[in-house]
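Input: a single structure, listed below in C-alpha coordinates.
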Amino acid sequence: MAPTITGFDYQRVTVADGVTLNAAVGGSGSPVVLLHGFPQTHLMWRHVAADLAADHTVICPDLRGYGDSDKPADADGQTYAKRTMAADVVALARAFGHERFALAGHDRGALVAIRAGLDHPDAITHLASLDVLPTLDTWNVMHGTSAAVGFHLYLMAQPPGLPEQMISASADAFFGHFLDIWTQDPGAIPADVRAAYLTASREAVTSIVADYRASAHVDVEHDEADRKSGNRLRMPVTVLQQDWGAVLGFDAAALWREWAPDLRHIPVSCGHFMAEEAPAEVTKALRELLTR
(Lines give C-alpha, C1' and ligand atoms only; values in the text may rest on other atoms or scores of the structure.)
Protein backbone atom coordinates (compact mmCIF):
# COMPACT_ATOMS: atom_id res chain seq x y z
CA MET A 1 0.00 0.00 0.00
CA ALA A 2 1.39 3.41 -0.98
CA PRO A 3 2.36 5.72 1.89
CA THR A 4 0.14 8.68 2.78
CA ILE A 5 0.39 11.83 4.88
CA THR A 6 -0.55 10.71 8.38
CA GLY A 7 -3.75 12.26 9.68
CA PHE A 8 -4.79 13.72 6.32
CA ASP A 9 -7.95 12.86 4.41
CA TYR A 10 -7.80 12.10 0.69
CA GLN A 11 -10.28 13.43 -1.82
CA ARG A 12 -10.62 13.57 -5.58
CA VAL A 13 -11.70 16.99 -6.80
CA THR A 14 -12.76 17.99 -10.30
CA VAL A 15 -10.91 21.18 -11.27
CA ALA A 16 -11.53 21.36 -15.04
CA ASP A 17 -13.45 19.51 -17.72
CA GLY A 18 -12.29 15.93 -17.50
CA VAL A 19 -9.56 16.65 -14.96
CA THR A 20 -9.69 15.46 -11.35
CA LEU A 21 -6.90 15.99 -8.84
CA ASN A 22 -5.97 13.75 -5.95
CA ALA A 23 -5.53 15.88 -2.83
CA ALA A 24 -4.56 15.26 0.78
CA VAL A 25 -6.26 17.67 3.20
CA GLY A 26 -5.67 18.19 6.91
CA GLY A 27 -5.81 20.67 9.75
CA SER A 28 -7.93 23.77 10.22
CA GLY A 29 -7.38 27.49 10.01
CA SER A 30 -6.20 29.78 7.23
CA PRO A 31 -5.54 27.79 4.03
CA VAL A 32 -2.14 26.83 2.65
CA VAL A 33 -1.72 24.88 -0.59
CA LEU A 34 1.53 22.95 -1.12
CA LEU A 35 2.62 21.88 -4.62
CA HIS A 36 5.17 19.12 -5.19
CA GLY A 37 8.07 18.90 -7.61
CA PHE A 38 9.76 16.37 -9.91
CA PRO A 39 10.02 13.41 -9.73
CA GLN A 40 7.72 13.35 -6.74
CA THR A 41 4.12 13.54 -5.57
CA HIS A 42 2.30 15.33 -2.76
CA LEU A 43 4.12 12.99 -0.34
CA MET A 44 7.20 15.23 -0.43
CA TRP A 45 5.32 17.62 1.89
CA ARG A 46 4.51 14.96 4.51
CA HIS A 47 6.63 16.52 7.30
CA VAL A 48 5.90 20.18 6.55
CA ALA A 49 2.19 19.56 6.00
CA ALA A 50 1.78 17.73 9.31
CA ASP A 51 3.44 20.62 11.16
CA LEU A 52 1.47 23.37 9.41
CA ALA A 53 -1.80 21.50 9.97
CA ALA A 54 -1.59 22.38 13.67
CA ASP A 55 -2.99 25.82 12.82
CA HIS A 56 -3.73 25.88 9.09
CA THR A 57 -5.90 24.04 6.62
CA VAL A 58 -3.29 22.35 4.45
CA ILE A 59 -4.07 21.08 0.95
CA CYS A 60 -1.50 18.93 -0.85
CA PRO A 61 -2.54 17.89 -4.35
CA ASP A 62 -0.83 15.79 -6.94
CA LEU A 63 -0.43 18.15 -9.91
CA ARG A 64 -2.25 17.22 -13.08
CA GLY A 65 -0.15 14.65 -14.86
CA TYR A 66 1.45 13.37 -11.66
CA GLY A 67 0.73 10.85 -8.93
CA ASP A 68 -2.89 9.82 -8.63
CA SER A 69 -4.25 12.89 -10.42
CA ASP A 70 -5.63 12.70 -13.94
CA LYS A 71 -3.22 12.73 -16.86
CA PRO A 72 -5.06 14.19 -19.86
CA ALA A 73 -3.50 13.90 -23.30
CA ASP A 74 -1.76 17.05 -24.50
CA ALA A 75 -3.48 17.78 -27.79
CA ASP A 76 -2.51 21.42 -28.28
CA GLY A 77 0.53 22.21 -26.15
CA GLN A 78 -1.64 24.01 -23.59
CA THR A 79 -2.75 21.09 -21.41
CA TYR A 80 0.36 21.28 -19.22
CA ALA A 81 1.02 24.99 -19.52
CA LYS A 82 1.68 26.36 -16.06
CA ARG A 83 -1.23 28.73 -16.71
CA THR A 84 -3.53 25.72 -17.06
CA MET A 85 -2.05 23.97 -14.03
CA ALA A 86 -2.30 27.16 -11.96
CA ALA A 87 -5.99 27.41 -12.82
CA ASP A 88 -6.34 23.84 -11.49
CA VAL A 89 -4.91 24.95 -8.15
CA VAL A 90 -7.22 27.96 -7.84
CA ALA A 91 -10.21 25.76 -8.70
CA LEU A 92 -9.08 23.18 -6.15
CA ALA A 93 -8.87 25.74 -3.35
CA ARG A 94 -12.29 27.12 -4.28
CA ALA A 95 -13.75 23.62 -4.18
CA PHE A 96 -12.69 23.51 -0.53
CA GLY A 97 -14.26 26.92 0.07
CA HIS A 98 -11.15 29.11 -0.13
CA GLU A 99 -11.19 32.13 -2.44
CA ARG A 100 -7.84 33.32 -1.04
CA PHE A 101 -4.97 31.16 0.15
CA ALA A 102 -1.23 30.97 0.66
CA LEU A 103 0.68 28.91 -1.89
CA ALA A 104 4.05 27.18 -1.75
CA GLY A 105 5.65 25.11 -4.46
CA HIS A 106 8.81 23.11 -4.95
CA ASP A 107 10.52 22.60 -8.32
CA ARG A 108 7.76 22.05 -10.94
CA GLY A 109 5.16 22.98 -8.34
CA ALA A 110 6.98 26.24 -7.75
CA LEU A 111 6.63 27.12 -11.44
CA VAL A 112 2.89 26.47 -11.14
CA ALA A 113 2.79 28.59 -7.98
CA ILE A 114 4.62 31.48 -9.68
CA ARG A 115 2.18 31.40 -12.58
CA ALA A 116 -0.75 31.32 -10.14
CA GLY A 117 0.65 34.39 -8.40
CA LEU A 118 1.00 36.24 -11.71
CA ASP A 119 -2.37 35.18 -13.14
CA HIS A 120 -4.46 35.17 -9.94
CA PRO A 121 -3.02 37.86 -7.64
CA ASP A 122 -6.35 38.36 -5.87
CA ALA A 123 -6.41 34.69 -4.87
CA ILE A 124 -2.82 34.21 -3.65
CA THR A 125 -2.09 35.91 -0.32
CA HIS A 126 1.50 34.70 0.10
CA LEU A 127 3.86 32.81 -2.22
CA ALA A 128 6.84 30.56 -1.51
CA SER A 129 9.15 29.03 -4.12
CA LEU A 130 11.57 26.24 -3.31
CA ASP A 131 14.70 25.85 -5.46
CA VAL A 132 13.76 27.19 -8.89
CA LEU A 133 14.02 30.34 -10.92
CA PRO A 134 11.04 31.53 -12.94
CA THR A 135 10.89 29.70 -16.27
CA LEU A 136 12.19 32.55 -18.42
CA ASP A 137 15.22 33.04 -16.18
CA THR A 138 15.90 29.31 -15.98
CA TRP A 139 16.49 29.12 -19.71
CA ASN A 140 18.43 32.38 -19.77
CA VAL A 141 21.02 31.19 -17.24
CA MET A 142 21.64 27.83 -18.92
CA HIS A 143 24.70 28.16 -21.15
CA GLY A 144 27.94 26.41 -21.94
CA THR A 145 29.04 23.12 -20.46
CA SER A 146 27.63 24.06 -17.06
CA ALA A 147 24.16 23.67 -18.59
CA ALA A 148 24.74 19.90 -18.62
CA VAL A 149 23.28 19.87 -15.10
CA GLY A 150 19.93 20.55 -16.77
CA PHE A 151 20.16 17.95 -19.52
CA HIS A 152 16.67 16.69 -18.74
CA LEU A 153 15.21 20.10 -19.59
CA TYR A 154 16.58 19.85 -23.11
CA LEU A 155 15.65 16.19 -23.53
CA MET A 156 12.02 16.72 -22.58
CA ALA A 157 11.78 19.89 -24.67
CA GLN A 158 12.02 17.82 -27.86
CA PRO A 159 8.94 17.10 -30.03
CA PRO A 160 6.68 14.25 -28.88
CA GLY A 161 7.99 10.76 -29.49
CA LEU A 162 11.67 10.32 -28.78
CA PRO A 163 11.84 11.69 -25.20
CA GLU A 164 8.91 9.53 -24.09
CA GLN A 165 10.39 6.44 -25.74
CA MET A 166 13.84 6.95 -24.24
CA ILE A 167 12.59 7.65 -20.73
CA SER A 168 10.03 4.84 -20.73
CA ALA A 169 12.74 2.37 -21.71
CA SER A 170 14.62 3.02 -18.45
CA ALA A 171 12.11 4.90 -16.32
CA ASP A 172 13.35 3.83 -12.89
CA ALA A 173 16.96 4.60 -13.82
CA PHE A 174 15.98 8.00 -15.25
CA PHE A 175 13.81 9.20 -12.37
CA GLY A 176 15.96 7.51 -9.75
CA HIS A 177 18.98 9.39 -11.07
CA PHE A 178 17.50 12.70 -9.91
CA LEU A 179 16.43 11.31 -6.54
CA ASP A 180 20.05 10.24 -6.06
CA ILE A 181 22.05 13.23 -7.31
CA TRP A 182 19.77 15.98 -5.98
CA THR A 183 19.81 14.85 -2.35
CA GLN A 184 22.53 15.22 0.24
CA ASP A 185 20.79 12.94 2.75
CA PRO A 186 19.52 9.75 1.08
CA GLY A 187 17.77 8.79 4.33
CA ALA A 188 15.42 11.74 3.87
CA ILE A 189 13.61 9.73 1.18
CA PRO A 190 12.97 6.31 2.74
CA ALA A 191 12.54 3.19 0.64
CA ASP A 192 8.74 3.16 0.65
CA VAL A 193 8.51 6.81 -0.39
CA ARG A 194 11.18 6.36 -3.06
CA ALA A 195 9.28 3.37 -4.43
CA ALA A 196 6.07 5.44 -4.51
CA TYR A 197 7.85 8.22 -6.43
CA LEU A 198 9.30 5.80 -8.96
CA THR A 199 5.99 4.01 -9.49
CA ALA A 200 4.11 7.27 -9.93
CA SER A 201 6.70 8.64 -12.36
CA ARG A 202 6.94 5.42 -14.35
CA GLU A 203 3.18 5.56 -14.89
CA ALA A 204 3.24 9.23 -15.95
CA VAL A 205 6.10 9.52 -18.43
CA THR A 206 3.98 11.08 -21.17
CA SER A 207 2.41 13.73 -18.97
CA ILE A 208 5.66 14.55 -17.16
CA VAL A 209 7.38 15.11 -20.49
CA ALA A 210 4.44 17.27 -21.61
CA ASP A 211 4.83 19.37 -18.45
CA TYR A 212 8.52 19.97 -19.19
CA ARG A 213 7.89 20.52 -22.90
CA ALA A 214 5.42 23.28 -22.04
CA SER A 215 8.17 25.03 -20.08
CA ALA A 216 10.30 25.22 -23.21
CA HIS A 217 7.51 26.76 -25.27
CA VAL A 218 4.22 28.21 -24.01
CA ASP A 219 5.44 28.89 -20.46
CA VAL A 220 8.29 31.01 -21.82
CA GLU A 221 5.83 32.94 -23.96
CA HIS A 222 3.70 33.69 -20.92
CA ASP A 223 6.70 34.83 -18.87
CA GLU A 224 7.93 37.03 -21.71
CA ALA A 225 4.50 38.68 -21.97
CA ASP A 226 4.51 39.38 -18.22
CA ARG A 227 8.03 40.77 -18.33
CA LYS A 228 7.06 43.06 -21.22
CA SER A 229 3.86 44.27 -19.51
CA GLY A 230 5.50 44.74 -16.12
CA ASN A 231 3.30 42.15 -14.41
CA ARG A 232 4.94 41.14 -11.13
CA LEU A 233 4.14 39.14 -8.02
CA ARG A 234 2.22 41.53 -5.78
CA MET A 235 2.10 39.39 -2.66
CA PRO A 236 4.88 38.71 -0.11
CA VAL A 237 7.27 36.16 -1.60
CA THR A 238 9.80 33.87 0.08
CA VAL A 239 12.35 31.95 -1.98
CA LEU A 240 14.45 29.13 -0.55
CA GLN A 241 17.24 28.18 -2.91
CA GLN A 242 20.50 26.31 -3.24
CA ASP A 243 23.33 28.41 -4.61
CA TRP A 244 23.00 27.34 -8.23
CA GLY A 245 24.34 30.74 -9.19
CA ALA A 246 27.79 29.71 -8.00
CA VAL A 247 27.77 26.92 -10.61
CA LEU A 248 25.98 28.67 -13.46
CA GLY A 249 27.18 32.21 -12.85
CA PHE A 250 24.12 34.23 -11.89
CA ASP A 251 22.72 36.17 -8.92
CA ALA A 252 19.50 34.36 -8.01
CA ALA A 253 18.27 37.00 -5.59
CA ALA A 254 18.73 39.73 -8.20
CA LEU A 255 16.79 37.72 -10.78
CA TRP A 256 14.00 37.10 -8.31
CA ARG A 257 13.74 40.78 -7.36
CA GLU A 258 12.74 41.52 -10.96
CA TRP A 259 9.60 39.47 -10.33
CA ALA A 260 8.92 39.98 -6.63
CA PRO A 261 9.29 43.44 -5.04
CA ASP A 262 8.37 42.10 -1.57
CA LEU A 263 11.00 39.36 -1.52
CA ARG A 264 12.84 37.39 1.12
CA HIS A 265 15.51 35.23 -0.52
CA ILE A 266 16.96 32.50 1.72
CA PRO A 267 20.01 30.43 0.69
CA VAL A 268 19.95 26.84 1.97
CA SER A 269 22.74 24.34 2.48
CA CYS A 270 20.70 21.14 2.13
CA GLY A 271 19.98 19.32 -1.12
CA HIS A 272 17.25 20.02 -3.64
CA PHE A 273 14.59 18.03 -1.80
CA MET A 274 14.61 20.48 1.09
CA ALA A 275 11.10 19.79 2.39
CA GLU A 276 12.30 16.25 3.13
CA GLU A 277 15.92 16.99 4.05
CA ALA A 278 15.30 20.12 6.14
CA PRO A 279 11.57 20.19 6.96
CA ALA A 280 11.99 22.29 10.10
CA GLU A 281 13.85 24.98 8.13
CA VAL A 282 11.21 24.98 5.41
CA THR A 283 8.34 25.10 7.89
CA LYS A 284 9.97 27.98 9.78
CA ALA A 285 10.35 29.96 6.56
CA LEU A 286 6.72 29.32 5.59
CA ARG A 287 5.42 30.33 9.00
CA GLU A 288 7.47 33.54 8.83
CA LEU A 289 6.12 34.24 5.35
CA LEU A 290 2.55 33.90 6.58
CA THR A 291 3.10 36.68 9.13
CA ARG A 292 4.15 39.23 6.50
Side-chain angles (χ1 to χ4, degrees), residues 1-27 31-50 52-53 57-75 79-82 84-96 98 101 103-113 116 130 156 164 167-168 171-172 174-176 178-179 189-214 273 275-276:
M1 185 174 180
T4 59
I5 301 179
T6 302
F8 276 51
D9 295 325
Y10 281 74
Q11 300 185 36
R12 296 192 63 82
V13 179
T14 299
V15 294
D17 289 344
V19 179
T20 300
L21 300 188
N22 173 59
V25 185
V32 181
V33 179
L34 305 176
L35 306 180
H36 67 85
F38 162 93
Q40 299 169 295
T41 68
H42 73 282
L43 281 172
M44 62 150 285
W45 290 109
R46 59 196 178 278
H47 306 304
V48 174
L52 290 177
T57 299
V58 183
I59 304 169
C60 301
D62 290 330
L63 296 167
R64 74 158 61 193
Y66 289 80
D68 288 327
S69 289
D70 287 350
K71 303 168 181 64
D74 185 20
T79 304
Y80 291 93
K82 302 310 152 297
T84 305
M85 297 170 79
D88 288 348
V89 174
V90 173
L92 176 69
R94 286 176 177 162
F96 286 110
H98 306 297
F101 56 96
L103 182 59
H106 173 256
D107 190 84
R108 307 305 295 172
L111 299 180
V112 176
L130 276 60
M156 290 190 275
E164 294 87 344
I167 294 168
S168 295
D172 284 5
F174 180 78
F175 295 114
F178 300 102
L179 293 174
I189 304 178
D192 60 336
V193 173
R194 179 187 176 91
Y197 290 160
L198 291 178
T199 297
S201 297
R202 188 189 317 125
E203 295 174 352
V205 170
T206 299
S207 52
I208 290 174
V209 173
D211 168 31
Y212 272 86
R213 185 178 290 117
F273 301 113
E276 291 168 292

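Position 1 is the first residue of the sequence, and the numbers go up from there. Hydrogens, waters and symmetry mates are skipped; everything else that's a heavy atom, side chains included, is used.
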C60 and A49 have their tightest heavy-atom pair at SG-CB, 3.8 Å
Any donor-acceptor N/O pair, T4 side chain to T6 backbone, under 3.5 Å: no
Taking all atoms of both residues into account, what is the closest heavy-atom pair of G65 and A204, and its distance? O-CB, 3.4 Å
I want to check something: taking the side chain as every heavy atom from C-beta on, are V32 and L34 in contact at a cut-off of under 4.5 Å? yes
Over all atoms of both residues, closest heavy-atom pair of H42 and P61: CB-O, 3.6 Å
Return the CG to CG distance between N22 and L63, rounded to the nearest 0.5 Å. 11.0 Å
Between I208 and F175, does the side chain to side chain contact (heavy atoms under 4.5 Å, CB included) criterion hold? Intermediate values first, please. CA-CA 11 Å; I208 290 174; F175 295 114; 4.1 Å; yes
Are D62 and S69 close enough that a side-chain donor and a side-chain acceptor fall under 3.5 Å? no
Does the pair V58 and F8 meet the rule for a side chain to side chain contact (heavy atoms under 4.5 Å, CB included), with working shown? CA-CA 9 Å; V58 183; F8 276 51; 4.0 Å; yes
Begin from the C-alpha positions of E276 and R46 and carry the test salt bridge (charged side-chain N to carboxylate O under 4.0 Å, His left out) through to its verdict. CA-CA 8 Å; E276 291 168 292; R46 59 196 178 278; 2.7 Å; yes
With sequence neighbours excluded, tell me which residues meet salt bridge (Lys or Arg N to Asp or Glu O under 4.0 Å) with D70. R12
P3 vs L43 side-chain heavy atoms within contact, under 4.5 Å: yes
May I have the step-by-step check of ring-ring contact (aromatic ring centres under 6.0 Å, His included) for Y197 and H36, ending in yes or no? CA-CA 11 Å; Y197 290 160; H36 67 85; 8.6 Å; no
Give the minimum heavy-atom separation between V205 and S168, together with the two atoms involved. CG1-OG, 3.5 Å
Worked verdict on L52 versus W45 for side chain to side chain contact (heavy atoms under 4.5 Å, CB included): CA-CA 10 Å; L52 290 177; W45 290 109; over 6 Å; no
Please give me the minimum heavy-atom distance between F273 and F38, naming the atom from each residue. CE2-O, 3.8 Å
Flag side-chain contact, heavy atom, 4.5 Å: Q40 against R194: no
Just verifying a value: how many Å separate M156 CE and I167 CD1, rounded to the nearest 0.5 Å? 5.0 Å
Exam field: side chain D74 to backbone T79, donor-acceptor pair closer than 3.5 Å: yes
Evaluate side chain to side chain contact (heavy atoms under 4.5 Å, CB included) for I189 paired with L179, printing each intermediate quantity in order. CA-CA 8 Å; I189 304 178; L179 293 174; 4.1 Å; yes
Kindly indicate whether the side chain of T206, heavy atoms from C-beta on, has any atom under 4.5 Å from the side chain of K71. no
Just by distance, with hydrogens left out, do Y66 and D211 show a side-chain donor and acceptor under 3.5 Å apart? yes
Do L35 and V89 come within less than 4.5 Å of each other through their side chains, counting heavy atoms only? yes
Compare every heavy atom of R64 with every heavy atom of P72, then report the nearest pair and how far apart it is. CG-NH1, 3.8 Å
Verdict with reasoning, F101 to F96, per ring-ring contact (aromatic ring centres under 6.0 Å, His included): CA-CA 11 Å; F101 56 96; F96 286 110; over 10 Å; no
